[in-house]
Every structure is written in C-alpha cells, then in structure tokens.
Amino acid sequence: MIRFTLNGRLVETDQPPDTPLLWLVRDTFKLKGSKFGCGAGLCGACTMHLDGAAVRTCILPIEDVDGAAVTTIEGLGSRADPHPLQVAWVEHAVPQCGYCQSGQIMSAAALLAANPAPSDDDIDAQMSGNVCRCGTYPRIRRAIHAAARKGQGA
Amino acid sequence: MSGPGHGRAPALTRRTALKALGLVGGGLVVGVPLAGCGSPPPAPPPSAGGGLAANAFLQITPGNEVHFVLPRTEMGQGVFDGLATLVAEELEVAPEAITVHHAPVHPDFRRPGSPAQGTGGSTSLSGHYAQLRQAGANAREAIRQAAAAELGLPADSLAMRDGRVVSGDRSWPYGQFAKAAAGRPLPADVELKAPADFRVIGRDRPRIDAWAKATGTAEFGLDVDFPGLHRAVLVRCPVAGGTVRAARTDAAAAMPGVHKVVTIFNGVAVVARSYWQARQAAEKLEIDWHLPELAGVSSPDLRRRMERALAEDGSEAHKAGDGADALPAGARRIEATYWAPFLAHATMEPMNCTARIADGGCEVWVGSQVPESARGAAAHHAGVPRENVRVHSTFLGGGFGRRLTNEYVAEAVAVARAAGVPVQLIWSREDDMRHDRYRPVSLVRFAAGLDGDGRVETWTVKRVGPNIAAHFTDDLLETIAPEFLPWGMADWASKRGHWFFENVMVNGSSVHGLFGDYDFPHQEVRHVTVDAGLPVGYWRSVGHSCNAFFAESFMDELAHAAGRDPVAFRLAHNAHDPRMQAVIRLAADKAGWGHPPAGRFQGIAAHNSFDTAVAQVAEVSLDDDGAVTVHKVTCAVDCGIAVNPDIVRAQMEGGIAYGLTAALYGEITLADGIVQQGNFDDYPMLRLDQAPAVDVHIVPGTAAPTGVGEPGLPPIAPALANAVFAATGTRIRELPLANHLSFT
C-alpha cells in the first residue's frame, strides 16, 4: 500500500508501484486537471508538485511518492480562491486551447515559490520543459512577471 | 465530468436535447428559421428552464439565465468568447453573463451555407457574424416588447442595458419577461446595431473560457469519465492503412485489469480498467499485418519520384496573360526549386474518444472539428441509425485541422461494440505522431521573368505532391453522405476522389497561395499529383502553410535579382490590393524596416489567406558560430473588425509560434512506410526560451470580420528565411531550416 497526501488529504492505493502518478491521480482519484501529453516527460502537461518541486508525473512511478506531499492544479487554487498566477493567467489572457496550461501554471508556481522575482533567464530555465502548441509563450512570460510583481507588492 | 445518458439515445428533439444538456429551467429560446419540408425537428433549447427560446442559439430563462449554444468547436481559436460576444452585443448583456454550451449535432448549427456542422477554414466569425447578432437582436426585442406589454409602457421608452429592461430609474431583469416573451410572436430581422454603437465588439476583454482553463476545470475529451468506463489502447499497423492478418492476444488478455482484447478494422485493442493497465498489456500483443503499398515507400525514394514528376506537364491550375509562353530567356529569367516536408499536427491533447453503446443507441464524447461526421462514423460502427447517436462535444486540446477527421471516433465505437463495455480510447503521443493526417509534402519549381525595369512580368510555378481533398473525401464522405446510401456505395464514391483530383480538377488547397498576392501580367500555375499513400490532411493554414514559404521566398529572390528593396518591390506588384499594401507598410513601419538594431537582420513576407491580409517582419542575429537567433516578429493584420482584438493578437502570436516550430524543426519522414518520428524528442517543438517577442498591429476596420485562426501562420517561414538570407547571404529553399543552420 502506497500512502501520500494529495492536495492536503491523505490517500492510499494498492495500484502497482510502477503506475505513473498521473494516471493514478486521473483514473483513480478523478482529478482531471493534470493532463497527458507525451508519456515521456518531454512536454510538461502532467506537471504536479512533489514536496513543492515541479515534477513530470507521466513518468513518475507512484512508489516514489510514498510519504510525500503531492499538489495538483486543483490544490493550487480555484476561481473562488485563486493562486496569483491563475489571476495573472486570466488577466493576460494566456490560455488558448488551454490543455497545457495546468502544467504551465504548476511549473511557474514552483518557480515563484523558490524565486519570487525571477528574471527572464530564470523563466526560460524553468519553463522550457513545458510545451504549448498554441504559442502562448510571450503571455506566459508576461503573466509570471505580473504575478511576481504582485507578490512583491509592486 | 460528463456521464452517460439513460437508456436508448433518443432522436434529438427540442425537449430531449434540453435534457441532453442536463439543464432545467425554461424561458426564452431564440431560433433562426429552419429549412423547409423534411428537416429534422427544431434544435432544442439548451436549458429546460422554459422562457424565451426564440432560436436554436439562445435561451433566456425566467431565472434570468442566458444560455448560448455554441455552433462551432473551441480549440483555442476563441470562438467560445468571440461568438458569445456577437450575441452579447445585440442582446445587451455582458459576455461573462452568458452560459455557453457546446452544440449537439443539428442542421441549425451548420455554418450558413455549409453542408455539414464543423469548424475549419478560419470561418467562424465571418460565417456567424450576421446570424448570431441577429439572434441576439431578435431576442432583445422580444424581451422589450413583452416588457412593454407587461409594464404598460411604450416599447420605445424602454432601454435595454446589461441584461435589464430600464425605464427611468427603474429596471427589471430580462428573465422577468422571458415567459411572457415566449408566448408572443417573435420579432424577426430586427435592425442590427451600427459598429459605432458597439459596446463589447472591438474591446479587449479576458476571454470567458480563461478561468476554466487556468484552474484545470475545462473539460477536454480526455477528461470525460463515468462509472463503468473502461480505457482502451489500440495497436495499429506501423504502416498507415495496414490491417490485421493474425494476432496472438493470450499474453495481453492475461495481464492485470484487462477486460478484453478485441480486433477491429485497423488493429487490436486492449480494454482494461485503467489506461496504464491497457498500455502495459498492449506491449504483449503479437500482430502479423497485411501491409499496404505504402510499406515500399521511404522518404528519399519519394523525393526522387517527385523530382522526376517535375518534368511532367501536369494540369493547369491557374493562368493569366500568356502564362509560361511569356517567359524570357537569358539573365532576366530566374528559376528556383523549393521543398517542404510532411508535418504532424502534434496537438497537445492526443486523439481520444469515449463511446458507449446501449439500447440501440450510441453516445460519444469527443473534441472534434466535425461533430456531424463523428455522428455518422459512430452510427456506422455502432450499427445504429444516426438519429440514435448523441455527440457530446468537449473543449479541444488543440485542433489545427487534426480533428477534421474522425478515425479515433470510428475506432472507439468499434472497440466499445466489440468489448461490450463503454470505453475511452486513448492514443499515446507515439500513436498520435505516427497515425496523423499529415501536412502534405510539396516540391515546387518556379520560373519568373523580369522586365527591363526590374518588374516581374511572368510568374510560373509547378507544384508536385498529394491532394488533401482526395484523402479528406475518403475520410469523411461516407460519414456525412445521406444515410440511405449503403456504406459501401459511399465508400466507393469517396475513393474516386483520388482519381478526380488527379485527372479532372486541381485541388485548390494544393496550389492556393502560389499565386494571387501579386498582379503579374503573365501567370501560370500547374500541378502534378504524386501521392505515396500516406494519409494527408488539413494542417493549420493548409496549402498556404508551405506555399507562402515558396512564393514569398522566391519573391524575395526576385527583389534581390532586380536590385530592389524587398518591401518596395512587393508594393510595386500589389497595387490591386490596398489591404495587402497597408499591412506591408504597417509591419515595415512598426519594425523599423531598413534600420534594424546593430547586429540584427530583417526579412519580410506578406500573404493573404482566408480573406485576411498579414505581413510579418522577422528580426534575427547571427553568432560567431553561425547560429541564428530569432529575436522578434512584427506582425500587421487586416481582418476587418476585430471582435476581440486581444484574441486576434493571440491568434497571430499562436500562428507565428506554430509556423516557427515547423519552419525551424518540423519534418516527418518515412522508412519503409513507417513514420520515423514518435515524440517531442525527435519531432521538436519551439519552447519558451526560443520564442521571439511578437508585436502585433491590427489595421482598424469596420468591415465584417475575416478569419484569424490560420492567416498568422503562412508569412513567418518566409519572413524568417528572408531574414536568414539578409544575415548570411544563403538562400535556404527547403524546410525545416534547422537541417541547414543551427538556431539558438
């Protein structure tokens, strides 16, 4: 039995230990905000936080999350109680098709948690693991800077 | 999350589709006039809440909800917001106050003049601009007149503002009069607002689907789930078009969680409780395939075959003046050959479809650009009449033309039928990359003649490659042909498409964009079909995606051959097209054409597609190792009135990123008929660290809107290649550019 916290709630599963976390969260725990994009850790659509760090969950076996804290986009914020990045994402009209955006926001949230005032280079380094086919990159950059400025009280 | 309906999927009537949308209430439902005899029952209002339902699109309930049924699919291009804005403008409500529903399949939701319900060709705003404003205006007047009667006030004394009927300092919500409005004759052809009076059209607003997409709550096809749903993985022949000769399935069937292993028309599927179980078990399948002719094709052979075909005369696609007869000899004749490869769409959401067959009906949940065709495919593979099929549309995790075919719907329904359980069929990224409908490969040869003053007198071009319409006919015709035709007959007819487009008529999208932007006196465009059998399809901007690269790169060559500035040279050849002239001037002006920052080099390209004029200036630099950096793209667009200008800018940014990915890296190759690329490691994507700044300028306009989903794409490849020429002196005539240069 593997146990971990999922968005602050203790969960357990008897799924095979090599099951990728993404599919456990989607198929068993029915949280659909994290997306399947490549199955190879190449696109970032499945990004969640594992003890605060952004991880690609389509290749993360659940045996590696035993005892850890997992946060998904659903745990990051909601329309009623949004994370500042989600507010910035709406204000800057970042999403187009929207499919990659949960992963984009989770990557960005991990960045801001560690680095509240990231430079363009910091954003490049953190965000280049997340693919967006709609080409929202310039807006993603603007929205991260905007959320960072708000976080700094600017 | 969506769930299945109960029992047999009923024929769509006004009442049942209300239920299908899972709403209660009633009120005003506003519809546009339906076709005459023999048409199906009216499309249902989106909510069962009653009240005013004056057409298929709009319902105002006594509870003051405004429901709008979105007739096109939302794949990022912004129709969810843009079309709701058209209704909101005339109805006098805030777009944010409207609840938007994805439409069921019904003729009312076809774009006016279109034979089937679908989304493509950058036509949503232009196609529905008048119709949906009319729907909103008629509903507004219905409410006004009902309010006037109830309140005992003259109708023309009532103002309609922000969802309320206003008289002096008193106001009442629309919903209060919805029931009364529903009992009165519906106004028709109410006069529409003048553009000067628009309150929401033409204004920047955050798009109304942004919150759902920023919080992970927007439902895509892959997110559909309900109790009892199984997951399926299908193993297809590695060579497109192959079929199963024999399969050993025992080992897969014995794997944990596996419900059943089934063979369908194009492969063997594992149906299991979870996706991961199905995927693991699918690894154990051993399948022997009947291979199609494509198995004998590899990319280098295909390239040679296409080069040989350049010598053929081909079919005339376009001619003006004396055509090729006007070509001069000697130094004033300039020739060049260009190449573009197959491309995959690589939408972020891999293909998927959820299907449930029960009680003589079938339900599918799918993000499709052609839901009407999805219905036909589902009906055939479920063995039920079309009227017993319900298509539940979801958001699309990217379309770009990929979701204009429905083979994943056919597969999911066939698997569900064979397995006897509801299934969600999920393609892996590798399935998606290797079983796409690819952007066609193209080889093009130009020959042009300059006159003594350095003007282009003659422009001729021959294109060699496959025709999308032939494949599309194969994919779709039988799903939308009249249902009384036997499937085999429709299939036979659709197969004739290949012959037709090879011998009778040149497929427009094979050559569009190779001519038309410039007013040369003598023009000739010819076409030779070479089709290796790899399925091809509509890829964002279709033929323009590569034809603009060819034509606008060659135009740059001619400018340099004539010793002219590329901007001035273009303007000297398109005086017939003031919109193109304006966007070229605007892009050049905003980019500081001719005066780039030190160490930077510029290239320009301009192209009309889907009735929208776009010009782009790319700005690049070259490092000491000869690697190119793309710093900035300046884009000017004329799309008539910009309903939501920020979405227009976003679509230009998006078209540029999608086109830049293809220009730099995109290439699908074949070895023995098998697509060699599988994931984002060998089919690389533009990423944030390489994404240039994009500066978009919209030509102010009040003309009816034209498309923006595709036209932002075609100019970027030639603008970049022309900038690379300015920087390096090297003319690259083949895509992707990264095969010839490195990019940082």
Side-chain angles (χ1 to χ4, degrees), chain A residues 15-16 18-20 23-24 26-28 30-40 42-43 45 72-74 76-79 82 85-102 105 121 123-125 127-141, chain B residues 1 74-78 206-207 209-220 222-223 225 231 256 273-276 279 346-350 395-400 426 428-430 646-647 650-651 653-658 660-661 679-681 685-694:
Chain A
Q15 292 289 307
D18 65 344
T19 305
W23 294 109
L24 180 75
R26 287 181 57 87
D27 285 356
T28 304
K30 307 295 183 191
L31 296 179
K32 305 292 188 177
S34 309
K35 305 304 187 193
F36 169 57
C38 69
L42 296 168
C43 80
T72 68
I73 186 75
E74 291 89 349
L76 187 76
S78 62
R79 180 155 193 184
L85 281 167
Q86 291 171 314
V87 176
W89 243 245
V90 173
E91 284 179 355
H92 291 265
V94 175
Q96 290 187 29
C97 90
Y99 192 80
C100 74
Q101 298 298 345
S102 296
I105 290 171
D121 286 346
I123 293 173
D124 283 352
M127 300 303 295
S128 292
N130 288 77
V131 173
C132 171
R133 284 296 267 155
C134 298
T136 63
Y137 300 127
R139 288 167 189 254
I140 287 173
R141 185 186 300 283
Chain B
M1 270 178 269
E74 172 59 55
M75 47 194 165
Q77 85 282 34
R207 46 193 286 171
D209 53 354
W211 270 111
K213 291 174 174 177
T215 53
T217 56
E219 185 183 64
F220 298 89
L222 200 72
D223 303 333
D225 204 349
R231 264 74 191 185
R273 296 300 308 185
S274 76
Y275 171 76
W276 188 245
R279 178 59 61 196
T347 62
M348 288 308 297
E349 181 191 17
F395 281 113
L396 280 61
F400 314 119
I426 301 175
S428 68
R429 174 57 56 192
E430 289 78 9
D646 198 50
I647 291 183
Q651 285 307 298
E653 292 161 10
I656 288 165
Y658 203 82
L660 199 49
T661 300
N679 210 316
F680 297 128
D681 50 352
M685 299 284 116
L686 186 78
R687 289 166 185 269
L688 186 137
D689 59 342
Q690 279 193 307
V694 177

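In what follows, chains are A, B, ... by sequence order, proteins preceding strands, each numbered from 1.
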What part of [X] gets closer than 4.5 Å to chain A, counting heavy atoms only: side chain, backbone, both or neither?
X      : value
B/P256 : neither
B/A650 : both
B/M685 : side chain
B/R279 : neither
B/I426 : side chain

* Where does the angle between the aromatic ring planes of B/Y275 and A/F36 fall among parallel (under 30°), tilted (30 to 60°) and perpendicular (over 60°)? -> tilted
Does [X] reach the main-chain N or O of [Y] with its side chain, forming a donor-acceptor pair under 3.5 Å?
X      : Y      : value
B/N679 : A/C38  : yes
A/R133 : B/Y658 : no
A/Q86  : B/A214 : yes

If one checks every heavy atom of A/V87 against chain B at 4.5 Å, the contacting part turns out to be both
The interface call for A/D121 against chain B, heavy-atom contacts under 4.5 Å, is neither
[X] and [Y] ion-paired at < 4.0 Å:
X      : Y      : result
B/R687 : A/D124 : no
B/D646 : A/R139 : yes
A/D27  : B/R273 : no

Any side-chain heavy atom of [X] within less than 4.5 Å of one from [Y]?
X      : Y      : value
B/E653 : A/T136 : no
B/F395 : A/C97  : no
A/I123 : B/L688 : yes
B/L222 : A/K35  : no
B/P350 : A/Y99  : yes

Side chain to side chain contact (heavy atoms under 4.5 Å, CB included) filter on B/T217, not counting sequence neighbours, yields B/A212, B/T215
Option that, when pairs with chain B are counted at under 4.5 Å, heavy atom only, ranks first among [options]:
options                      : value
A/G129, A/P20, A/A125        : A/P20
A/S102, A/G33, A/G37, A/C100 : A/G37
A/E91, A/R79, A/Q101, A/E74  : A/R79

Closest-packed option against chain A by number of heavy-atom pairs under 4.5 Å, given [options]:
options                        : result
B/L660, B/D681, B/V694, B/I647 : B/D681
B/A218, B/P692, B/A210         : B/A210
B/R207, B/M75, B/Q690          : B/R207

Closest non-hydrogen atoms of A/G98 and B/F220, given as atom of the first, atom of the second and distance, are C-CZ, 3.8 Å
Pair A/Q96, B/Q651 - check side-chain hydrogen bond (donor to acceptor under 3.5 Å, both in side chains), show working.
CA-CA 9 Å; A/Q96 290 187 29; B/Q651 285 307 298; 3.1 Å; yes
Nearest-0.5 Å distance, [atom1] of residue [X] to [atom2] of residue [Y]:
X      : Y      : atom1 : atom2 : value
A/C43  : B/R429 : SG    : CZ    : 6.5 Å
B/L686 : A/C132 : CG    : SG    : 10.0 Å
A/R26  : B/W276 : CZ    : CH2   : 14.5 Å

